[in-house]
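Report on one structure; see the data block that follows.
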Amino acid sequence: MKSFPRFILIVILSYLGGLFLTWWTVAVAAFLVAVLIPLPPLRSFLNGFIAVFLLWLALAFFMDVRNDHILGNRMSEMILKVRNPMLICMVSALIGGITAGLGGLSGSFLRYRKDKTAQ
């Protein structure tokens, strides 16, 4: 039950961080949420990964639709050698998801380590 509020909080903080700061603030957002609301390490990783993966996938898709897939086609052709704009959206979402997942995992391990030393 703790996972859904963490999921929403990671999405909101990642979106707001992306508006004003650099792309890697998704890791900071997932880290902070994992430190504030404790969960086991695997669930923290999955929470951060899924939250940012879906956020970046939706953002990339809507940006791609707004420019009629022109940039997505060109980037996927240049980087992946395949003309498929959804594939480049998936790759960017995967990068963001892994970054946020590792941030959440780091926060969970910090919280876990802090709790262990207090006992």
Side-chain angles (χ1 to χ4, degrees):
M1 191 62 191
K2 286 184 180 180
S3 293
F4 188 70
R6 291 184 79 220
F7 177 85
I8 296 298
L9 194 56
I10 291 171
V11 168
I12 291 170
L13 289 176
S14 297
Y15 181 75
L16 291 176
L19 287 177
F20 302 109
L21 301 170
T22 60
W23 68 271
W24 52 267
T25 55
V26 296
V28 175
F31 177 84
L32 289 176
V33 171
V35 167
L36 294 176
I37 306 170
L39 275 180
L42 179 63
R43 288 180 60 193
S44 291
F45 176 82
L46 289 176
N47 236 350
F49 178 84
I50 294 170
V52 174
F53 181 85
L54 293 176
L55 174 68
W56 278 23
L57 185 64
L59 290 174
F61 176 73
F62 289 126
M63 286 182 199
D64 195 43
V65 167
R66 282 193 309 195
N67 70 13
D68 202 28
H69 308 290
I70 294 171
L71 183 62
N73 280 327
R74 288 183 184 171
M75 292 302 293
S76 67
E77 200 171 315
M78 183 174 68
I79 295 173
L80 304 172
K81 307 296 185 220
V82 176
R83 191 178 182 129
N84 188 352
M86 281 312 296
L87 193 57
I88 201 78
C89 291
M90 293 291 286
V91 168
S92 66
L94 186 66
I95 291 170
I98 290 173
T99 304
L102 290 175
L105 186 66
S106 300
S108 178
F109 281 149
L110 180 71
R111 178 70 179 225
Y112 178 76
R113 184 74 178 144
K114 189 170 69 170
D115 288 345
K116 281 295 223 185
T117 57
Q119 293 178 354

Using modelled atom types only, decide if a donor and an acceptor are shared between the side chain of Arg6 and the backbone of Asn47 within a distance under 3.5 Å. no
Measure from the side-chain N and O atoms of Ser44 to the backbone N and O of Leu105, and report whether any donor-acceptor pair falls under 3.5 Å. no
Testing the basics here: between Ala100 and Val52, what is the closest heavy-atom pair and its distance to 0.1 Å? CB-CG2, 3.2 Å
Side-chain heavy atoms of Leu54 within contact of Phe7, under 4.5 Å: yes
Rounded to the nearest 0.5 Å, the OH atom of Tyr15 sits from the CZ atom of Phe20 at a distance of 9.0 Å
Shortest non-hydrogen contact from Pro85 toward Ser76: N-OG, 4.0 Å
Gap between atom CG of Asn67 and atom CZ of Phe62 - 0.5 Å precision: 14.0 Å
Can you hop from Val91 to Ile70 via hydrophobic side chains spaced under 4.5 Å? no
Among Ile10, Leu9, Leu32, find the residue that satisfies the side-chain contact (heavy atoms from CB on, under 4.5 Å) test when tested with Ile37. Leu9
Counting N and O atoms only, with roles assigned by atom type, does the side chain of Asn73 sit under 3.5 Å from a partner on the main chain of His69, one being a donor and the other an acceptor? yes
Taking every non-hydrogen atom, the tightest pair across Ala29 and Leu13: CB-CB, 3.7 Å
How about Leu110 and Val35: do any of their side-chain heavy atoms sit closer than 4.5 Å? yes
Are Ile8 and Ile50 connected, step by step, through hydrophobic side chains (Ile, Leu, Val, Met, Phe, Trp, Tyr) whose heavy atoms are closer than 4.5 Å? yes
Heavy-atom side-chain proximity of Ile88 to Asn84 below 4.5 angstrom: no
Taking the side chain from Ser108 and the backbone from Leu39, do they hold a donor-acceptor pair closer than 3.5 Å? yes
To the nearest 0.5 Å, tell me how far Phe31 CZ sits from Leu102 CG. 12.5 Å
Shortest non-hydrogen separation from Thr25 to Leu21 and the atoms involved: CG2-CB, 3.4 Å
Mind checking whether Leu57 and Cys89 have side chains closer than 4.5 Å, heavy atoms only? yes
Report yes if the side chains of Leu55 and Val26 come closer than 4.5 Å at any heavy-atom pair, otherwise no. no
Hey, what do you get for CD1 (Ile95) to CH2 (Trp23), rounding to the nearest 0.5 Å? 7.5 Å
Under the 3.5 angstrom rule, does the side chain of Ser14 hit a backbone N or O of Val11 as a donor-acceptor pair? no
Side-chain heavy atoms of Met90 within contact of Leu94, under 4.5 Å: no
